[in-house]
Number of protein chains: 2
Amino acid sequence: MSSHAPHRAHDGWAERAELALAAAGRKRGGARRALLELLAEERCALTAVEIEDALRARSARAVSRASVYRILDELEGLGLVQRVDTGQAMVRYERVAEHEEHHHHLVCDECGIVMPFSDAALERAIDSLSERVPLAVSEHEIVLHGSCRDCAA
Amino acid sequence: MSSHAPHRAHDGWAERAELALAAAGRKRGGARRALLELLAEERCALTAVEIEDALRARSARAVSRASVYRILDELEGLGLVQRVDTGQAMVRYERVAEHEEHHHHLVCDECGIVMPFSDAALERAIDSLSERVPLAVSEHEIVLHGSCRDCAA
DNA sequence: CTTAATGCAAACCGTTTGCATTTCA
DNA sequence: TGAAATGCAAACGGTTTGCATTAAG
């Protein structure tokens, strides 16, 4: 599914995570370390099952489904991971990197592939309208649905 | 939750729906008619449970949960209803009216209220970027999360 | 009468939780 | 040694499905 090109820990995200966890008085466990390592390399949103499989495959360490969810939930609470709701069966998760470009998602409704994209004009439009809307906007999520090139062909 | 101001069948949506269903060789059932009537009046996305409750309340006719889902699924397939994924526990559904303004959603993460909004500049940005992206875009969904005025106060 | 529509209850399946065990500081 | 981390299996909850019954054409 998503390519596996190791991007080499973006802006020390994993380190930042370890720090935040320590500050929150957490101990370091092997499952969480393996998951942090994986998320630091993945460039786009994965499901809990994809994460579980990826961890088992790279033989880093098998992590139980429950732990995957627990750890993701914990990281989300610390603002280190964000949930991406693509409208597919399973929710996806991806790291939130501080100095990385903010991106959104393209979803192929035929094969299910999820790709990231970003657009400055779009962000501007959202920032602008966020001020005129009856909601103190904290975050936004944009998902474009359609057919990817392979499926449309 | 959502206000109940009857908007009086937008652009004959219910009629259009009846027509499309007949064209698809479907028979008319009481459950579906009640649901169409409700959706024609509601201006924003409802969950299956909200629909079920609303139908029971307005005493139009009680409709079983299974039928609510089946009918919504059928209408979605005909392009008469669209699923709105707000990231909350339950998916929401709303009618797709032909000559009605395309809108998106604001979600208060504290109380869960969902409000519609629309913005021309945003639509323009999306139309424009849709042409530069590696996906034949068929639809898009934008959800802004935050705190509504009541909750932020 | 033939086929679609509906209700009910059971099945599904992604996610969460309880609890016993292991690991870290 | 005490708290956090983890795995396993059971529980949850929204959605879907199988099947028997009712109703539309």
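So that the names make sense, note that chain A is the first sequence line, chain B the second, and so on, each numbered from 1.
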Walk along nucleotides 7-14 of chain D from 5' to 3' and tag each nucleotide B, S or - by protein heavy-atom contact under 4.0 Å, base first, then sugar-phosphate.
BBB----S

I need a per-nucleotide contact map over nucleotides 20-25 of chain D, read 5' to 3'. Cutoff is protein heavy atoms under 4.0 Å; write B for the base, S for backbone only, - otherwise.
----BS

Return the value, rounded to whole Å, for the distance between atom [atom1] of [X] and atom [atom2] of [N].
X       : N      : atom1 : atom2 : answer
A:Arg32 : D:dA3  : CZ    : P     : 17 Å
A:Glu18 : D:dA4  : CD    : P     : 17 Å
A:Leu21 : D:dA5  : CG    : P     : 8 Å
A:Leu55 : D:dT6  : CG    : P     : 12 Å
B:Arg83 : D:dT16 : CZ    : C1'   : 11 Å
B:Leu72 : C:dT6  : CG    : C1'   : 14 Å
A:Glu52 : C:dG14 : CD    : P     : 12 Å
B:Leu35 : C:dT6  : CG    : C1'   : 13 Å

Please find the pair of heavy atoms, one from A:Val96 and one from A:Gly79, that lie closest to each other, and give the distance.
CB-O, 3.7 Å

Does [X] have any side chain to side chain donor-acceptor pair (under 3.5 Å) partners at least two apart in sequence or in another chain, and if so, which?
X        : answer
A:Gln88  : A:Thr86, A:Arg92
B:Arg132 : A:Asp119, B:Ser128
A:Glu123 : A:His104, A:His140

If you round to the nearest 0.5 Å, how far is CG of A:Leu55 from CD of A:Glu37?
9.0 Å

Kindly write out the residues that satisfy salt bridge (charged side-chain N to carboxylate O under 4.0 Å, His left out) with B:Arg65, not counting sequence neighbours, or none if the list is empty.
B:Glu52

Which residues satisfy the salt bridge (charged side-chain N to carboxylate O under 4.0 Å, His left out) test with B:Glu98, sequence neighbours excluded?
B:Arg16

Restricting to side chain to side chain contact (heavy atoms under 4.5 Å, CB included), what partner residues turn up for B:Arg61, sequence neighbours left out?
B:Ala31, B:Ala34, B:Val63

For residues 15-68 of chain A, the ring pair (Phe, Tyr, Trp, His ring centres under 6.0 Å) pairs (sequence neighbours left out) are none

